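Nothing here was measured: the structure is a model prediction, and the numbers come from that model. In listed order, ligands and their atoms are each counted from 1.
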Amino acid sequence: MSSKLIAPSILAADFGNLQRDIEMVNNSEADWFHIDIMDGVFVPNISYGMPVLDSITTHAKKTIDVHLMIIDPDRYIKTFADLGSNILTVHYEACTHLHRTLQAIKAEGMKAGVALNPHTNINVLEDTINDIDVVLIMSVNPGFGGQSFIENTYNKIKQLKELIIRKGAHTQIEIDGGVTNKNAKALVDCGADILVAGSYVFKSSEQLKTISDLKNLVNS
Ligand code: DX5
Ligand code: ZN
């Protein structure tokens, strides 16, 4: 069993001290940097864009996991590859030609991810699961950090795990939103491979310890 991964969400970092917070993640037991890109159209919020990601990748020494919450993401696949993204995740709900989008992401040398909103059933991935490196299950409605975890996520993880096994796929399962030490172990027990944590990590007074404890918890 490969180890379970922790991906701090930079959306919850202190943007006035961004380099400090990036170095904290570099020095921690976290595995990935989770980067939320929001356009104010697909979701009711605007986060940050290319210049900020460029600054992040200048300092970040771990996998760059970009979560695009934008309409028509095909327009920016090459841009995010050039900025140093390792994983590029698009929303199922934002893609008219998802299969083509996944191939385009891989053609740029990145891993391809698909995110599902809380209302989107796992079965929409029946015909694409073998082409997807990571499925990101939203455990809150996308757009904001600090929201409460949606309990139905556990059922979705189990359904997704069943689909992956049935299709012989090698897809990883990532959970995003409201992750804390209260639900982390149950999430990995259902089949999650990567947990995104924003507020829980960055609002902590002992960030390194919080990450370390979470990492130990999910790998215990
Ligand atoms: C929400 C984002 C999440 C967010 C998670 O739209 O996709 O990555 O940063 O934040 P927390 O962990 O605070 O729910
Ligand atoms: Zn995210």
Side-chain angles (χ1 to χ4, degrees), residues 4-15 18 21-22 24-25 28 30-49 52-53 56 60 62-71 73 76 80 85-94 110-120 132-154 156-157 172-188 192-205 207 210-211 213-215 217-218:
K4 306 295 181 180
L5 309 182
I6 303 298
S9 173
I10 297 303
L11 187 64
D14 176 356
F15 295 146
L18 192 51
D21 283 2
I22 292 166
M24 184 282 292
V25 177
S28 78
D31 301 278
W32 294 359
F33 283 85
H34 184 81
I35 311 293
D36 292 302
I37 306 288
M38 305 178 183
D39 66 356
V41 179
F42 180 69
V43 288
N45 194 14
I46 297 174
S47 54
Y48 44 73
V52 174
L53 179 55
I56 292 170
K62 297 180 177 183
T63 296
I64 304 292
D65 172 38
V66 175
H67 175 193
L68 295 182
M69 285 160 273
I70 66 175
I71 59 163
Y76 297 106
F80 281 100
S85 311
N86 302 113
I87 301 156
L88 193 65
T89 294
V90 295
H91 264 264
Y92 171 82
E93 302 84 2
M110 298 178 286
K111 285 193 172 183
V114 176
L116 299 183
N117 278 337
H119 74 271
T120 304
I132 303 172
D133 295 305
V134 181
V135 172
L136 185 157
I137 297 178
M138 286 304 308
S139 40
V140 298
N141 282 293
F144 304 92
Q147 303 180 83
S148 318
F149 178 82
I150 297 172
E151 297 286 324
N152 185 48
T153 304
Y154 299 116
K156 293 182 78 168
I157 299 170
Q172 290 183 293
I173 302 175
E174 182 172 13
I175 308 302
D176 187 7
V179 171
T180 69
N181 63 344
K182 301 281 188 295
N183 52 28
K185 182 66 176 154
L187 291 167
V188 300
D193 301 294
I194 306 121
L195 302 183
V196 175
S199 315
Y200 181 66
V201 164
F202 286 101
K203 302 286 179 262
S204 165
S205 56
Q207 296 171 345
T210 297
I211 292 171
D213 288 351
L214 198 56
K215 178 95 178 174
L217 177 66
V218 297

Point to revise | Distance-only side-chain donor-acceptor flag, His67 / Asp65, under 3.5 Å | key: no
Exercise for review: Would you mind reporting whether Asp36 and Asp176 have side-chain heavy atoms less than 4.5 Å apart?
Suggested key: yes
Study note, to complete from the structure: So the angle subtended at the Zn ion (ligand 2) by Asp176 atom OD2 and Asp36 atom OD1, rounded to 10 degrees, is 170°
Point to revise | Beyond-backbone contact of Val25 with Phe202, side-chain heavy atoms, under 4.5 angstrom | key: yes
Practice item. Give the atom name of whichever N/O/S atom in His34 sits closest to the Zn ion (ligand 2). Key: NE2
Revision key, fill the gap. Looking at His67, the N/O/S atom that lies nearest to the Zn ion (ligand 2) is called ND1
Check your understanding: Are the side chains of Lys182 and Phe149 in touch, meaning some heavy atoms are under 4.5 Å apart?
Key -> no
Practice item. Using distance alone, with no hydrogens and no angle criterion, decide if Thr210 and Ser204 have a side-chain donor and acceptor under 3.5 Å apart. Key: yes
Check your understanding: Between Val188 and Lys4, which heavy-atom pair has the shortest distance, and what is it?
Key -> CG1-CG, 4.0 Å
Check your understanding: Given Asp193, which of Ile175, Ile157, Ile173, Val134 fulfils the side chain to side chain contact (heavy atoms under 4.5 Å, CB included) condition?
Key -> Ile173
**Study point:** First-shell residues of ligand 1 [heavy atom, distance under 4.0 Å]
**Key:** Ser9, Leu11, His34, Asp36, Met38, His67, Met69, Met138, Pro142, Gly143, Phe144, Gly145, Gly146, Asp176, Gly177, Gly178, Val196, Ala197, Gly198, Ser199
